[in-house]
Amino acid sequence: MKFLFDDPAFDYQALRTAGYADYGGAQLGEVVAVASRIPDGDTEAWRREWSRLAGHAHGLGDAARREGRPVDARSALLRAHNYYRTAEFFQREDQQDAEALRLMGLSRETFADAAALMARPPQPVRIPYEGTSLPGYLYRVDDSDEPRPLVVHHGGIDSTLEEGYFFVAAAALARGYHCLCFEGPGQGSVLREQGLVFRPDWERVVTPVVDHALSLPGIDAGRVVLVGTSLGGLLAVRAAAFEHRLAGCVAHDAVWQLGDVVALPPFVLEWVEQGCDDFADPVMWGIAAQQTFTRWLLRQALWTFGASTPARLLRTLPAFGLSEVIGRVRCPVLVLDAEEDMFFAGLEHAKKVFTGLNSPKQLHVFTADEGGGAHCHSGAMRVFHDRLFAWLGETLGRGGRAAA
């Protein structure tokens with residue numbers, strides 16, 4: 001399903017950005033206008049034009065705050081946050097690039113400013129984790145101690161903590177669920193500021209988060225559900241195999257084995273297996289140079305998985321899989337899939353996850369006809385939330401009740 005660009009990477013990221021309009025994170029006219037000024041595949045123009053739009057929305061938000069218009073300020077600042085994140089997305093040549101750091105800093109800052117203007121501002125939290133801490137936002141329906149179900153959310157290979165508001169938190173609050181969003185190793189500020197990269201034993205990340213969640217007032221300990229987005233779909237199911245206090249798990253979307261995502265000529269894979277990195281690495285860099293998406297993905301994965309070369313990255317990925325642990329999952333699992341997923345289409349990841357589960361399970365495939373066929377159903381967040389919260393209601397019995 002084409003949106004605004006011929007370049008698949010540009011097209012999907014524009015759809016992702018526009019899709020947050022459902023919860024105030026974008027305005028369709030702004031997205032269409034900025035896309036018209038960006039040539040396909042021109043990452044410098046992408047950064048420049050989205051940054052310009054973000055700055056404009058930021059200015060509107062600041063002016064509205066000064067003038068005592070909190071609703072307008074919140075709206076503009078939420079959009080600025082999303083546009084700054086989008087502007088930075090393809091900046092991967094240098095992990096310490098000053099402009100990339102500036103854009104992500106502004107993205108986080110404008111979200112925090114917008115959040116402070118919400119009817120019930122989320123609480124920034126630090127979750128104890130192996131001698132350090134993980135950042136999070138706790139979104140509460142109300143301040144009472146009445147036990148409510150809790151949705152815990154984390155993203156994937158490029159998601160941010162703040163993005164969790166659009167993925168799950170806003171919809172959860174509207175339906176009476178508390179929500180705790182967090183970033184783990186390999187993600188967002190944990191990667192940028194602490195240098196922690198992805199780890200395959202994700203239960204070591206989730207268990208401290210659950211510990212923290214259960215220490216909070218007003219949390220129903222028997223109704224804590226974990227939702228993992230994108231690569232987080234694999235990580236969440238992995239965590240559920242060991243963290244048995246979860247009442248449910250959602251793979252949004254399902255990933256069976258991360259190494260399966262890599263599409264390379266057989267001879268390159270043989271070189272990697274034989275340790276012939278001097279041959280394999282130049283070929284992989286050459287392949288990556290031909291497409292915006294492949295180039296971004298390779299650079300992003302090298303960074304987030306802590307690999308110094310493409311060949312070493314490929315030898316890291318097989319540890320991220322479910323075949324050896326999925327039989328240990330006890331809680332109900334909602335396995336989601338997207339018909340036209342640009343990352344996983346044709347690889348049957350969701351089918352493999354669904355088949356491997358011995359616990360109560362449900363599989364749902366979002367289609368292109370309903371507008372939900374893109375990766376993680378970008379552009380169809382309401383459709384995704386309808387299925388997610390219907391399943392949560394069925395799984396948890398009496399679901400959350402919206403605040404009066």
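Small disclaimer: the values here were computed from a predicted structure and weren't measured. Note that the numbering runs from 1 along the sequence shown for the chain.
- The main-chain N or O of Ala289 is found under 3.5 Å from a side-chain atom of Arg295 such that the two form a donor-acceptor pair.
- Look at Glu88 and Arg108 and you find no salt bridge, because none of the NZ, NE, NH1 or NH2 atoms lies under 4.0 Å from a carboxylate O.
- Ring pair Tyr12/Phe293: centre-to-centre distance not below 6.0 Å.
- If you look at His252 and Phe384, their ring centroids are closer than 6.0 Å.
- Outside the 6.0 Å centre-distance limit, the rings of His81 and His58 are not counted as a close aromatic pair.
- Ring centers of Trp202 and His154: under 6.0 Å apart, within the cut-off.
- In this structure the side chain of Phe182 reaches within 4.5 angstrom of the side chain of Val152, judged on heavy atoms.
- Side chains of Asp72 and Leu60 form no contact here, defined as non-hydrogen atoms less than 4.5 Å apart.
- Here the OH-CG distance, from Tyr20 to Leu78, works out to 12.5 Å after rounding to the nearest 0.5 Å.
- For Arg120 and Asp143, the salt-bridge test passes: some basic side-chain N is under 4.0 Å from an acidic carboxylate O.
- Under the 3.5 Å distance criterion, the side-chain polar atoms of Thr355 are left unmatched by any main-chain donor or acceptor of Lys352.
- Put simply, OG1 on Thr316 and CG on Leu258 are 10.0 Å apart, with the number rounded to the nearest 0.5 Å.
- Contact check on Lys2 versus Asp7 returns no salt bridge, with no Lys/Arg side-chain nitrogen under 4.0 Å from an Asp/Glu carboxylate oxygen.
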Start with the C-alpha gap between Leu214 and Arg245, add the side-chain angles, then the distance that decides, and say whether side chain to side chain contact (heavy atoms under 4.5 Å, CB included) holds. CA-CA 10 Å; Leu214 295 182; Arg245 292 174 293 179; 3.8 Å; yes
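- The backbone N or O of Thr207 sits nowhere less than 3.5 Å from a side-chain atom of Glu243 that would complete a donor-acceptor pair.
- A donor-acceptor contact shorter than 3.5 Å is absent between the side chain of Arg79 and the backbone of Ala54.
- The only option from Trp296, Phe5, Trp50 that meets the ring-ring contact (aromatic ring centres under 6.0 Å, His included) definition with Phe10 turns out to be Phe5.
- Ser215 places a side-chain N or O within donor-acceptor distance of the main-chain N or O of His212, the cut-off being under 3.5 Å.
- With contacts defined as side-chain heavy-atom distances shorter than 4.5 Å, the pair Asp220/Leu396 does not qualify.
- Using a 4.0 Å cut-off between charged side-chain N and carboxylate O, Glu163 and Arg16 make a salt bridge.
- Here the two rings, on Tyr23 and Phe166, have centers that are 6.0 Å apart or farther.
- Taking the six-membered ring wherever Trp is involved, the centroid distance between the rings of His178 and Tyr139 does not fall below 6.0 Å.
- Residue Glu340 places its CD atom among more than 12 non-hydrogen atoms of other residues, nucleotides or ligands, all under 6.0 Å distant.
- Pairing each heavy atom of Pro135 with each of Val190, the nearest pair is CD-CG2, 3.3 Å.
- Between Leu314 and Met284, the closest side-chain pair of non-hydrogen atoms falls below 4.5 Å.
- A salt bridge links Arg148 to Asp142: at least one charged side-chain nitrogen sits closer than 4.0 Å to a carboxylate oxygen.
- Taking a cutoff of 4.0 Å between a charged side-chain nitrogen and a carboxylate oxygen, Arg47 and Asp97 do not qualify as a salt bridge.
- Using a 4.0 Å cut-off between charged nitrogen and carboxylate oxygen, Arg199 and Glu203 do not count as a salt-bridge pair.
- The 12-atom threshold is exceeded at NZ of Lys361, counting heavy atoms of other residues, nucleotides or ligands nearer than 6.0 Å.
- In terms of heavy-atom proximity, Val141 sits nearest to Gly176 at CG2-C, 3.5 Å.
- Between the side chains of Asp253 and His377, at least one donor-acceptor pair of N or O atoms lies under 3.5 Å.
- The number of heavy-atom neighbours closer than 6.0 Å to NE2 of His56, taken from other residues, nucleotides and ligands shown, is 12 or below.
- The 12-atom threshold is not exceeded at CZ of Arg312, counting heavy atoms of other residues, nucleotides or ligands nearer than 6.0 Å.
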Would Arg192 and Gln187 count as a side chain to side chain donor-acceptor pair (under 3.5 Å) if you check the C-alpha gap in whole Å, the side-chain angles of each, and the deciding distance to 0.1 Å? CA-CA 8 Å; Arg192 291 177 183 274; Gln187 299 174 322; over 6 Å; no
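- In this structure, Arg74 contributes its side chain and Leu117 its backbone to a donor-acceptor pair below 3.5 Å.
- Between Val329 and Cys331, some side-chain heavy-atom pair lies under the 4.5 Å cut-off.
- Rounding to the nearest 0.5 Å places CD1 of Ile38 at 6.0 Å from CD of Glu49.
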Dump the intermediate steps for side chain to side chain donor-acceptor pair (under 3.5 Å) on Ser189 and Glu183, then the final yes or no. CA-CA 8 Å; Ser189 63; Glu183 286 176 336; 3.0 Å; yes
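- Under a cut-off of 6.0 angstrom, the local environment of CD in Glu67 is crowded, with over 12 non-hydrogen atoms contributed by other residues, nucleotides or ligands.
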Please assess Ser107 against Thr160 for the test side chain to side chain contact (heavy atoms under 4.5 Å, CB included), listing each intermediate value before the final yes or no. CA-CA 10 Å; Ser107 180; Thr160 66; 5.9 Å; no
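- With rounding to the nearest 0.5 Å, the separation of CZ in Phe366 from CG in Leu336 is 5.0 Å.
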Show, in sequence, the C-alpha distance, side-chain angles and deciding distance for Ile287 and Leu264, and conclude whether the side chain to side chain contact (heavy atoms under 4.5 Å, CB included) test is met. CA-CA 9 Å; Ile287 293 172; Leu264 288 169; 3.8 Å; yes
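- Here the side chain of Thr132 pairs no donor or acceptor atom with the backbone of Tyr129 at under 3.5 angstrom.
- Looking at Gln123 and Tyr137, their side chains never come closer than 4.5 Å, going by heavy atoms from C-beta outward.
- Residues Ser230 and Gly156 approach most closely at CB-CA, 4.4 Å, considering heavy atoms.
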With side chain to side chain donor-acceptor pair (under 3.5 Å) as the test, would you mind laying out the steps for Thr17 and Thr86 before giving the verdict? CA-CA 7 Å; Thr17 299; Thr86 304; 2.6 Å; yes
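- In this structure, Phe279 has its ring center no closer than 6.0 Å to that of Phe267.
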Run the numbers on Asn82 and Arg85 for side chain to side chain donor-acceptor pair (under 3.5 Å), then give the verdict. CA-CA 5 Å; Asn82 190 25; Arg85 179 196 60 77; 3.0 Å; yes
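- Note that CD1 of Ile219 and CG of Leu180 are 8.0 Å apart. Values are rounded to the nearest 0.5 Å.
- When all heavy atoms are compared, the tightest approach of Val31 to Ala26 is CG2-CB, 4.3 Å.
- Atom CG in Leu246 sits 15.0 Å away from atom CZ in Arg223 (nearest 0.5 Å).
- Thr395 places a side-chain N or O within 3.5 Å of a backbone atom of Trp391 that can act as its donor or acceptor partner.
- Ion pairing between a basic and an acidic side chain is recognised when a charged N comes within 4.0 Å of a carboxylate O; Asp113 and Arg65 show such pairing.
- Considering only heavy atoms from C-beta on, Arg126 stays 4.5 Å or farther from Leu134 through its side chain.
- Under a 3.5 Å cut-off, the side chain of Asp42 and the backbone N or O of Ala45 do form a donor-acceptor pair.
- Proximity of a side-chain donor or acceptor of Gln194 to a complementary backbone N or O of Ser133 within less than 3.5 Å is detected.
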